[in-house]
> 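Once you've had a glance at the structure underneath, I'll fire off some questions.
Because the structure is predicted, anything quoted here is derived from the model rather than measured. Reminder, nothing fancy here: chain letters follow the sequence lines and each chain counts from 1.
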2 protein chains.
Amino acid sequence: MLSGKPLVSIISAGMSKFQKHEGLLAREIFTLAIQEAFARCPRLEPKRDVKAMFIGHMGEAYEHQGHMGAILADWSGLLGIPATRCEAACGSSGAALRTGVYAVLSGLADVVIVGGVEKMTNRTTAEVTEYLAMASDYPFEQYHGITFPGLFALMASRHMHDYGTQEEHFAMAAVKNHYHASLNPKAHMQKEITLETVMQSRYVAWPLKLYDCSLVTDGASCVILTKPELALKYTDNPVHIIGSGQASDSIGLYERKTVTSLTSTKTAAKTAYEMAQLSPIDVDLAEVHDCFTSAELIAYEDLGFCKPGESGKLLEDNQTRLGGRIPVNTSGGLKAKGHPVGATGTAQAYEMYLQLTGQAERCQVKDAKIGLTHNVGGSGATAVVHIYRSTQ
Amino acid sequence: MLSGKPLVSIISAGMSKFQKHEGLLAREIFTLAIQEAFARCPRLEPKRDVKAMFIGHMGEAYEHQGHMGAILADWSGLLGIPATRCEAACGSSGAALRTGVYAVLSGLADVVIVGGVEKMTNRTTAEVTEYLAMASDYPFEQYHGITFPGLFALMASRHMHDYGTQEEHFAMAAVKNHYHASLNPKAHMQKEITLETVMQSRYVAWPLKLYDCSLVTDGASCVILTKPELALKYTDNPVHIIGSGQASDSIGLYERKTVTSLTSTKTAAKTAYEMAQLSPIDVDLAEVHDCFTSAELIAYEDLGFCKPGESGKLLEDNQTRLGGRIPVNTSGGLKAKGHPVGATGTAQAYEMYLQLTGQAERCQVKDAKIGLTHNVGGSGATAVVHIYRSTQ
């Protein structure tokens with residue numbers, strides 16, 4: 001198997017439990033992630049070594065708080081370092097990870113922390129829906145009342161029309177991801193569900209039902225990056241990032257040639273695969289952006305795990321379940337681990353760090369060598385894909 | 001004169017007029033900046049050459065619109081490229097510029113657009129005040145009702161107490177910057193004012209009066225960066241960035257050891273000067289972050305243009321006025337050119353591009369070779385300093 005040279009190396013990672021963190025501010029939740037990352041990497045002296053921080057944070061509205069980069073630098077004990085918030089809607093910390101890759105490769109910052117955080121459960125469902133909607137187009141989408149369940153329902157229903165995909169196929173993704181989450185102590189949902197539970201849940205926006213939707217959650221995550229040639233100074237067990245792709249698309253769904261695939265995902269994946277000198281067939285496991293179950297199916301197709309229209313079959317055959325050919329969302333995914341929006345991209349990288357260092361416990365994919373993460377902003381105006389390689 | 005090697009080169013720049021852009025969305029205002037930047041650089045083929053975009057945008061609330069990176073990529077005719085919004089409050093596009101430097105140096109993106117935009121005049125003064133306040137600390141500042149005029153007034157009054165600075169000194173910065181703005185056709189304010197006008201204006205937060213405050217404005221700005229070794233492919237007249245520093249500080253003013261200087265500015269400046277192998281004395285002109293006139297005085301001291309407490313004297317002696325030893329804010333500054341918050345950092349870089357290529361017309365500083373920009377987020381939790389060198 002060919003594969004590209006390491007761009008950067010992950011030397012540690014941390015994640016808070018994803019749940020309702022009653023009474024904690026985003027900054028406090030982030031400390032749970034950063035403390036784990038520091039504890040996992042005792043050879044790192046954060047104050048001496050860390051040279052920059054990039055923070056994915058989607059919404060100022062939740063806590064009436066912007067400027068999250070500087071705040072989290074301080075709350076990580078790194079007062080003074082350059083710290084910038086990166087925002088690309090739900091792809092914010094994926095974009096932050098990409099930015100961290102730039103920073104390490106630049107030579108200006110040998111060790112960089114990339115993370116993300118969101119505090120959402122302090123707001124009502126109506127407020128969260130409104131704040132999330134800011135990631136869609138104001139004049140042509142929000143103004144007319146459509147919100148994200150509606151936008152993704154348009155994509156899902158067209159996929160059903162074009163390919164014969166059934167509501168049951170979407171439901172299978174939910175069942176699988178709840179199963180994975182039941183094995184992950186940090187996931188918000190800890191219980192398995194049945195296909196009937198999903199199918200009998202109320203419609204949010206046809207064909208998407210309550211159990212097709214990801215969770216409103218509080219959470220934080222981070223990874224620590226360095227140059228590959230410095231990685232062994234900090235850990236015996238780095239994970240290399242060998243491919244990085246990011247792409248944009250029109251903010252408005254109505255402007256796109258197709259709504260049954262995301263051009264941004266395809267472009268970002270192509271870039272990442274080329275950089276990694278790998279094909280989809282080489283990927284052992286993936287974390288994909290299942291903000292709605294239907295999005296997971298479309299991601300399989302856009303990432304090349306199957307042909308267009310065949311994602312339902314992949315689920316029917318249990319190929320993306322733990323033990324299958326290419327386990328997807330072993331963490332539980334956005335659907336069942338939870339989707340604290342700004343934290344999601346680096347939470348995917350956290351899962352990849354655990355998996356590729358053999359620390360994923362009950363979620364562990366055996367002999368995992370190559371992993372992929374896929375983080376989407378909005379209805380696909382941003383997509384970020386990274387490819388990882390184990391050094392074990 | 002020693003000076004460091006170029007990090008990256010600016011090959012073009014653009015800026016909308018800063019004013020109330022009635023009926024235009026932020027994305028539309030940004031097209032005014034990007035069109036100028038493309039027109040100034042006919043050898044660039046944007047769709048072929050530009051590999052990434054970083055956009056400073058401070059507030060989602062103004063237009064109920066996040067995800068501004070992807071939107072502006074599309075509206076710049078660059079649909080598909082990686083595009084990320086960078087936010088560090090009023091230092092957002094300064095931080096975006098720093099991020100663009102990382103990206104070019106990384107080798108992953110040879111040509112990068114860095115810009116910023118804010119649409120503010122569609123909101124009431126009360127709304128703007130509330131949205132800007134998100135850059136301060138929610139639990140310890142916003143919650144108790146203090147807004148930015150109040151925070152900067154605390155700094156200004158302590159400076160008066162410690163150093164004998166007078167309200168007239170602050171007023172002198174306003175008079176100077178209005179004079180410069182009167183020479184800059186893109187500035188929001190086009191009229192000179194007198195010291196009496198400032199002194200007789202109503203208090204907003206003692207000692208700061210209406211004419212000590214920067215303007216609520218709509219505007220956009222951008223610069224195009226590439227590697228120094230590629231710059232002459234695109235222009236005969238690049239401007240090199242030879243120093244780049246960014247630093248953070250506590251979000252809350254109350255946590256700092258001093259409020260008469262910004263540690264973040266000092267740290268960012270030290271990094272940038274060292275990288276450029278230059279001292280403050282080498283700087284021919286600067287654009288500093290005068291969100292309030294008092295902030296300009298403190299910037300002089302933190303950037304080393306004078307000793308602590310001596311900034312008033314610098315103004316008394318007209319040393320920072322056009323024709324003086326070190327002209328500051330020749331564009332009119334935030335005070336009189338206007339402060340569309342997300343656009344301010346790259347608007348400073350735009351002014352530096354004009355000055356160091358001899359295109360600043362009536363604002364031109366003669367024989368300008370070395371320039372500096374200083375962009376601050378919030379009350380100083382972020383500061384970004386860049387140093388520029390002419391190639392003429």
> Determine the minimum heavy-atom distance between B:L25 and A:P139, stating which atoms define it.
CD1-CG, 3.8 Å

> Do A:H67 and B:M134 have side chains that get closer than 4.5 Å, going by heavy atoms?
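Heavy-atom side-chain distance check fails, nothing below 4.5 Å.
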
> Pick one of side chain, backbone, both or neither for A:M68, based on which atoms fall under 4.5 Å of a heavy atom in chain B.
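When you check distances to chain B, only backbone atoms of A:M68 fall under 4.5 Å.
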
> Shorter than 4.5 Å, heavy atoms on both sides: which option in A:T267, A:T263, A:D137 has the most such pairs with chain B?
A:D137

> Pick one of side chain, backbone, both or neither for A:T99, based on which atoms fall under 4.5 Å of a heavy atom in chain B.
side chain

> With a 4.5 angstrom heavy-atom cut-off, is it the side chain or the backbone of A:I55 that approaches chain B, or both, or neither?
neither

> Identify the heavy atoms of A:L79 and B:D249 that sit nearest to each other, and give their distance.
CD1-C, 3.5 Å

> Under 3.5 Å, is there a donor on one side chain and an acceptor on the other for B:H64 and A:E130?
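A donor-acceptor contact under 3.5 Å links the two side chains.
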
> Checking A:S136 against B:Q65: is there a side-chain donor and acceptor pair closer than 3.5 Å?
no

> Check whether A:A73 gets within reach of chain B through its side chain, its backbone, both or neither, counting any heavy atom under 4.5 Å.
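Side chain only.
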
> Tell me, for A:A52 versus chain B, whether the close heavy atoms (under 4.5 Å) come from the side chain, the backbone, both or neither.
side chain

> Are any of the side-chain heavy atoms of A:L108 and B:V101 separated by less than 4.5 Å?
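With C-beta onward as the side chain, the pair touches.
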
> Side chains of A:P82 and B:R98, heavy atoms from C-beta outward: is any pair under 4.5 Å?
yes

> How about B:Y102 and A:F54: are their ring centroids closer than 6.0 Å?
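Centroid distance B:Y102-A:F54: below 6.0 Å, so yes.
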
> Looking only at heavy atoms and a cut-off of under 4.5 Å, which of B:E60, B:M53, B:E63, B:H57 has the most pairs with chain A?
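Answer, by heavy-atom pair count under 4.5 Å with chain A: B:E60.
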
> Between B:S248 and A:I81, what is the shortest heavy-atom contact and its length?
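That would be OG-O, 2.6 Å.
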
